[in-house]
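Just so you know, residue 1 is the first one in the sequence shown, and it goes up from there.
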Amino acid sequence: MSYDRSHTGAWREKELSLRQVMEKYPEVSPFVIIKTDAQRRGVEYADRALAAVDPDIHLTKVRSDYSNKEDLTPVSLMMRDGTSICTSVDVGGNTSSGRDPYLVDVVDGKVVLVDENRVIEEVSYWEKPDFHEKETSRGTPMWHVVSVRPQRLCIHPHQHCDYWKTPGHGCKFCAMSAVYHSGNKPELLDVRDIVESVAEAIKEPGRNVNIFLTGGTLCGGENFLDDEVNYYEEILGGITKLFGGRRFPSQLISTAFSFEQLRRLYDNTGLTSYTADIEVLNKDLFAWICPGKAATIGYDEWKERLCRAVEIFGKGNVNTGLVVGVEFATPNGFENEDEALESILAEADELSSCGVGVVGCVWHVSPVSIFKKQISPGLEYYVRLAKGFDRIRRKYGINVDMDNYRRCGNHPDTDLGRI
Ligand code: SF4
């Protein structure tokens with residue numbers, strides 16, 4: 001492992017431990033807290049854990065917008081309550097979160113998460129879907145086209161992002177460009193390959209509850225972003241035919257489209273839910289961290305587009321994702337957790353009042369991002385913010401089904417919606 005421990009220092013003395021956080025927040029499921037911490041700190045695999053991987057059963061290869069991996073380590077982990085821990089080793093090494101990663105090991109015949117020689121929790125490896133080793137009629141391996149989570153098909157049609165093509169416009173936490181340039185991935189997937197792969201994947205009974213699409217921004221077209229809208233319209237149109245022209249459980253995370261663009265996408269395809277990630281809920285930090293989004297759409301307009309999307313998709317079918325923790329990036333970020341919480345939850349409340357859900361991803365500091373030397377916040381902050389997002393969704397009656405533990409699995413705060 002190429003994990004750099006040089007800056008880990010005495011981090012354990014500076015923040016509450018996993019056990020202390022679980023004791024302080026008994027109302028929060030321990031599974032949620034463990035998942036948050038494993039995603040924050042990352043994982044390493046002991047030799048015994050790697051020996052327990054069966055590549056005929058377990059998912060080891062993944063190609064997506066942020067991954068390009070063919071080694072025999074597991075793609076990720078599942079917990080006993082059926083929730084996922086979305087963590088994998090990046091291009092460039094493990095997360096540089098500033099802390100030691102958890103160790104995945106085998107103890108008494110069980111695969112477990114270990115920290116400081118103490119077994120924390122039993123876990124299992126994600127399993128491969130039936131279609132994984134098949135090829136499309138053009139000879140493309142289907143795993144190059146559709147990646148999976150335990151109950152979801154993931155499609156990443158545009159594996160680069162136009163914002164990275166303008167100097168200074170890429171989002172500072174984002175690894176997509178580095179991942180793209182590290183491998184031999186096509187920039188755009190072939191639509192026929194996508195539709196064929198989905199057709200094959202949905203033959204497997206009882207596995208999939210959702211079809212998910214996301215990829216990098218495509219700025220071009222007659223109107224700004226029309227190329228992105230047209231591409232998704234063609235892909236989603238092809239998938240919709242597989243479902244007899246009806247709506248099907250699906251989510252698109254895209255750039256924030258205009259009302260007219262989104263209306264076209266909704267009317268012409270079977271798409272059921274929509275996400276446009278604002279990444280950080282603070283106007284100044286958005287401009288600094290997501291300069292391309294800020295220059296081309298802008299913070300206020302991004303929020304306005306989310307709110308108007310609710311008119312099309314309905315409450316509970318539109319949300320926005322945050323990279324929780326980037327709000328502390330130096331030198332411009334918050335310096336105080338209480339101030340950050342108050343400010344972010346106030347903005348989340350405002351967005352939710354027009355029906356937009358707000359969900360958080362745990363910032364997995366990528367060693368190939370501009371922010372590679374930044375340190376993510378302590379575990380307790382993540383738990384406090386997750387509680388806040390959950391409280392706001394309940395206040396406005398926004399359910400989390402479009403991004404719950406089965407359809408996504410990447411948001412510890414939406415796992416609280418099960419309780
Ligand atoms: S919009 Fe930002 S976060 Fe998304 S792929 Fe482009 S640079 Fe990365």
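- Nearest heavy atoms, Gly215 versus Met176: C-CE, 4.2 Å.
- When side chains are defined from C-beta on, Leu385 counts as touching Ile344, because their heavy atoms get closer than 4.5 Å.
- Here the shortest heavy-atom pairing between Ile398 and Val356 reads CD1-O, 3.8 Å.
- Remark: Arg394 engages Asp390 in a salt bridge, criterion side-chain N to carboxylate O under 4.0 Å.
- For the pair Asp37 and Arg40, the salt-bridge criterion is met [side-chain N within less than 4.0 Å of a carboxylate O].
- Classification of Lys303 and Asp300 as a salt-bridged pair fails, no side-chain N sitting under 4.0 Å from a carboxylate O.
- Side chain of Tyr231 to main chain of Pro157: a donor-acceptor pair is present (N/O by atom type, distance under 3.5 Å, no hydrogens or angles).
- Lys165 NZ: more than 12 foreign heavy atoms inside a 6.0 Å radius.
- For the residue pair Tyr381 and Glu327, a side-chain donor N or O sits within less than 3.5 Å of a side-chain acceptor on the partner.
- Around the CD atom of Glu23, the shell of radius 6.0 Å holds more than 12 heavy atoms that belong to other residues, nucleotides or ligands.
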Does the pair Ser17 and Arg12 meet the rule for a side-chain contact (heavy atoms from CB on, under 4.5 Å), with working shown?
-> CA-CA 7 Å; Ser17 68; Arg12 290 183 194 273; over 6 Å; no
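- Of the possible donor and acceptor atoms, none in the side chain of Arg263 sits under 3.5 Å from a partner among the backbone N and O of Ala309.
- When each of Leu113, Thr83, Asp115, Val21 is paired with Ile34, the side chain to side chain contact (heavy atoms under 4.5 Å, CB included) condition holds for Leu113 and for no other.
- Applying the side-chain hydrogen bond (donor to acceptor under 3.5 Å, both in side chains) rule to Thr296 yields the partners Tyr163; only residues at least two apart in sequence or on another chain are considered.
- Every residue was checked against the salt bridge (charged side-chain N to carboxylate O under 4.0 Å, His left out) condition with Arg207, not counting sequence neighbours, and none meets it.
- At least one side-chain heavy atom of Asn319 sits less than 4.5 Å from a side-chain heavy atom of Gln251.
- Within a 6.0 Å sphere centred on CG of Asn117, heavy atoms belonging to other residues, nucleotides or ligands number 12 at most.
- For Arg407 and Phe212, the positive end is not near the middle of the six-membered ring at less than 6.0 Å and at most 45° from its axis.
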Hey, mind stepping through Lys61 and Lys69 against side-chain contact (heavy atoms from CB on, under 4.5 Å) and telling me if it holds?
-> CA-CA 5 Å; Lys61 297 186 293 189; Lys69 138 176 171 44; over 6 Å; no
Test disulfide (SG to SG under 2.5 Å) applied to Cys290 and Cys171, step by step = CA-CA 4 Å; Cys290 305; Cys171 298; 3.8 Å; no
Derivation and outcome, side-chain contact (heavy atoms from CB on, under 4.5 Å), residues Glu228 and Thr217 = CA-CA 7 Å; Glu228 189 175 330; Thr217 296; 3.7 Å; yes
Step by step, work out the side-chain contact (heavy atoms from CB on, under 4.5 Å) result for Arg118 and Ile120.
-> CA-CA 6 Å; Arg118 193 165 63 88; Ile120 302 298; 3.8 Å; yes
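- Side-chain atoms of Tyr405 and Gln151 include no donor-acceptor pair closer than 3.5 Å.
- Atom CD of Glu27 has more than 12 neighbouring heavy atoms from other residues, nucleotides or ligands inside a 6.0 Å radius.
- With Asn282 contributing its side chain and Asp284 its backbone, the two residues share a donor-acceptor pair below 3.5 Å.
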Show which side-chain atoms of residues 142-149 pair as donor or acceptor with protein atoms under 3.5 Å away, not counting sequence neighbours.
| residue | atom | partner | partner atom | Å |
| --- | --- | --- | --- | --- |
| His144 | ND1 | Arg63 | NH1 | 3.4 |
| Arg149 | NH1 | Cys408 | O | 3.2 |

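- Contact annotation: the side chain of Val358 never approaches that of Ile392 to less than 4.5 Å [non-hydrogen atoms, C-beta and beyond].
- Counting heavy atoms from C-beta outward, Ser254 and Tyr232 have side chains that approach closer than 4.5 Å.
- Under a cut-off of 6.0 angstrom, the local environment of NZ in Lys283 is sparse, with at most 12 non-hydrogen atoms contributed by other residues, nucleotides or ligands.
- You'll find the side chain of Cys361 reaches within 4.5 Å of the side chain of His411, heavy atoms only.
- Under the salt bridge (charged side-chain N to carboxylate O under 4.0 Å, His left out) criterion, Lys172 pairs with no residue, sequence neighbours left out.
- With sequence neighbours excluded, the residues satisfying ring pair (Phe, Tyr, Trp, His ring centres under 6.0 Å) with Tyr125 are His58.
- By the disulfide (SG to SG under 2.5 Å) test, Cys219 is found to be paired with no residue, residues two or more places apart in sequence or in another chain being considered.
- Residues Thr60 and Leu72 approach most closely at CG2-O, 3.7 Å, considering heavy atoms.
- Contacts of Glu196 classified as side-chain contact (heavy atoms from CB on, under 4.5 Å), with partners at least two apart in sequence or in another chain: Thr136, Ser137.
- With sequence neighbours excluded, the residues that form a side-chain contact (heavy atoms from CB on, under 4.5 Å) with Ser353 are Tyr396.
- Between Lys35 and Asp81 there is no salt bridge, since no side-chain N of the basic residue sits under 4.0 Å from a carboxylate O of the acidic one.
- No donor-acceptor contact under 3.5 angstrom links the side chains of Asp403 and Thr414, judged on distance only.
- In summary, of the residues considered (Arg418, Arg393, Lys387, Arg391), a salt bridge (charged side-chain N to carboxylate O under 4.0 Å, His left out) with Asp413 occurs for Arg393 alone.
- Under 4.0 Å is where a charged nitrogen must lie from a carboxylate oxygen, and between Arg384 and Asp338 at least one such pair does.
- Residues Val280 and Val323 form no side-chain contact, since every pair of their non-hydrogen atoms from C-beta on lies 4.5 Å or further apart.
- Of the charged side-chain nitrogens involved, at least one lies within less than 4.0 Å of a carboxylate oxygen, so that Arg308 and Glu311 count as a salt-bridged pair.
- Between Phe328 and Ile375, every side-chain heavy-atom pair lies at or beyond the 4.5 Å cut-off.
- Within the structure, every pair that satisfies the ring pair (Phe, Tyr, Trp, His ring centres under 6.0 Å) test and touches residues 247-301, not counting sequence neighbours, is listed here: Phe243-Phe248, Tyr266-Phe313, Tyr274-Phe313, Phe286-Tyr299, Trp288-Phe371.
- As summarised for Cys174 and Cys161, their two SG atoms remain at a distance no smaller than 2.5 angstrom, missing the threshold.
- Nearest heavy-atom pair, Ile235 versus Val195, reported as atom, atom and distance to 0.1 Å: O-CG2, 4.3 Å.
- Listed for the Ser343 side chain is no donor-acceptor partner under 3.5 Å among the backbone atoms of Glu339.
- Contact record, His156 with Ser64: CD2-CB, 3.3 Å, taken as the closest heavy-atom pair.
- Asp401 meets the side-chain contact (heavy atoms from CB on, under 4.5 Å) test with Asn399, Asn404; sequence neighbours excluded.
- The salt bridge (charged side-chain N to carboxylate O under 4.0 Å, His left out) test applied to Glu342 returns no partner, not counting sequence neighbours.
- Although no hydrogens or angles enter the test, the distance criterion places no donor-acceptor pair under 3.5 Å between the side chain of Glu200 and the main chain of Asp130.
- Here Asn230 pairs with Asp226, Glu233, Arg264 under the side-chain contact (heavy atoms from CB on, under 4.5 Å) rule; sequence neighbours left out.
- You'll find the side chain of Trp126 reaches within 4.5 Å of the side chain of Cys86, heavy atoms only.
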